[in-house]
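Bear in mind the structure is a predicted one, so any value in this text is a computation, not a measurement. Order of the sequence lines fixes the chain letters, A, B, ..., with proteins taken first and strands second; residue numbering starts at 1 for each chain. These values consider heavy atoms only, across backbone and side chains, with no hydrogens, waters or symmetry-generated copies.
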Amino acid sequence: MPLKRGETKDTAMTARTQEIISRLKREYPEAKTELNWSSPLELLVATILSAQCTDVRVNRVTETLFRKYRSAEDYAQASPGELEEDIRPTGFYRNKAKAIRGMAQAILTEHGGEVPRSMEELVALPGVGRKTANVVLGNAFGVDEGIVVDTHVRRVAQRLGLTGHSDPEKIERDLMQSVPREEWTVFSHLLIFHGRRVCKARRPLCEDCVLNDICPSSLV
DNA sequence: CTCCCGATAT
DNA sequence: ATATCAGGAG
C-alpha cells in the first residue's frame, strides 16, 4: 500500500490496519471469546487454565469445575491436591492450581472477594500476567485497557508485518499504536479467530485467506 | 533463558 | 514422532 502525498508513515500503518480489521470483521462477524464463563471470576479462572491448552479442553474442564467452585473463597479453601486433580487435563496443573489458589486468596484478602477492575491490580495477582488481565478487562468488564497478545495474535501480527518484535509486551505496544482504542478487544478476537481457522501455526491456508493480497508472508 | 504438562492435530 | 495449544514465574 503506497503512501499518499502528505501522509505520514504512521497514519499509513493505521490505514492498512483498518483495512485488515474491516476484512476480518466481514469474515468473522461473530468473533468473541470462545471460553465459557458467566462471571469475572469464572473468566479469570478459565483464562489461567487456557495457558498452552485449547479452549475446547478448558471448557470441558470448567463445565464441572464451575459447579464445584462458585466463589473466590471456594478456590482459596480448596485442598491443593484436589484442585490439581480437578484441572489436570489442562496441563501445567500444579502451577495452575497454585496460581488459582493464590489468586483467590489475594482476591479475598485484598479485594473483598471481587475480581479487581484495573490492570495494575490484576497483574499483581499470582498467575496473572498482561495477557490474562487483558482478557478479563476486555471481556468481563468491557474495558479496552490493552490488547491481548497470545500465541495466535503474536503469530498473525508477525506474519502480517504489524510488528517486528517477538516479545508480547513490545508487540502489544506496536498494535496499540496502529489500532483505534475502541477496537482493541475485538481486534484480539479477530486475529485469534483468523489464527485458528486460516493463519494456522503449522500449515497456514494462504490460498483461502482474505488478506493474502496485503500480507507480506503470503505463500499465494 | 528454562520449567511446567496433558491432549490433540499433522 | 513431533508441533502446538487464549502463559506466567523463577
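- At a cut-off of 3.5 angstrom, the base of C:dA6 holds at least one donor-acceptor pair with the side chain of A:Thr33.
- Atom OH of A:Tyr93 and atom P of C:dC5 are 22 Å apart (whole Å).
- If you take NZ of A:Lys98 and P of C:dG10, they are 8 Å apart, rounded to a whole angstrom.
- Rounded to whole Å, the C1' atom of C:dT2 lies 15 Å from the corresponding atom of B:dC5.
- Under the side chain to side chain contact (heavy atoms under 4.5 Å, CB included) rule, A:Glu172 has a single partner from A:Val153, A:Thr163, A:Val149, which is A:Val149.
- Toward the 5' end of DNA chain C, the nearer of the two residues A:Arg57 and A:Ala133, judged by each one's closest nucleotide, is A:Arg57.
- In this structure, A:Asp150 places its CG atom 14 Å from C1' of C:dG8, rounding to the nearest Å.
- At the phosphate of C:dG7, neither OP1 nor OP2 sits under 4.0 Å from any side-chain N or O atom of A:Thr151.
- Using a distance-only test at 3.5 Å, with no hydrogens or angles considered, no donor-acceptor pair links the side chain of A:Arg94 to the main chain of A:Glu84.
- Taking for each of A:Ala201 and A:Val149 the nucleotide of DNA chain C with the nearest heavy atom, the 5'-most of the two is the partner of A:Ala201.
- For the pair A:Arg196 and C:dA6, the criterion of a side-chain N or O lying under 4.0 Å from OP1 or OP2 is met.
- Between A:Lys96 atom NZ and C:dC5 atom P the separation is 13 Å, expressed in whole Å.
- For the P atoms, the distance linking C:dG8 with B:dA7 amounts to 22 Å, nearest Å.
- Between the CD1 atom of A:Ile171 and the P atom of C:dG7 there is a distance of 13 Å, given to the nearest Å.
- No more than 12 heavy atoms of other residues, nucleotides or ligands sit less than 6.0 Å from atom NZ of A:Lys32.
- Taking atom P on both nucleotides, B:dT2 is separated from C:dA3 by 15 Å, rounded to a whole Å.
- Atom NZ in A:Lys32 sits about 15 Å away from atom P in C:dA6, given to the nearest Å.
- A:Arg130 has no side-chain polar atom (N or O) that falls below the 4.0 Å cut-off from OP1 or OP2 of C:dA6.
- One can place CZ of A:Arg197 at 19 Å from P of C:dT4, the figure rounded to the nearest angstrom.
- Counting all heavy atoms, side chain and backbone alike, A:Arg159 lies closest to A:Lys200 at NH1-O, 2.8 Å.
- Between A:Arg155 and C:dC5, a side-chain N or O to OP1/OP2 separation shorter than 4.0 Å is present.
- In the interface, the side chain of A:Arg202 is not paired with the base of C:dT4 through any donor and acceptor atom under 3.5 Å apart.
- Distance CG (A:Leu35) to C1' (C:dC5): 12 Å, rounded to an integer number of Å.
- Closest approach of A:Lys131 to A:Ser50, counting heavy atoms only: NZ-OG, 3.5 Å.
- Here, C:dA6 and B:dC3 have their P atoms 24 Å apart, quoted to the whole Å.
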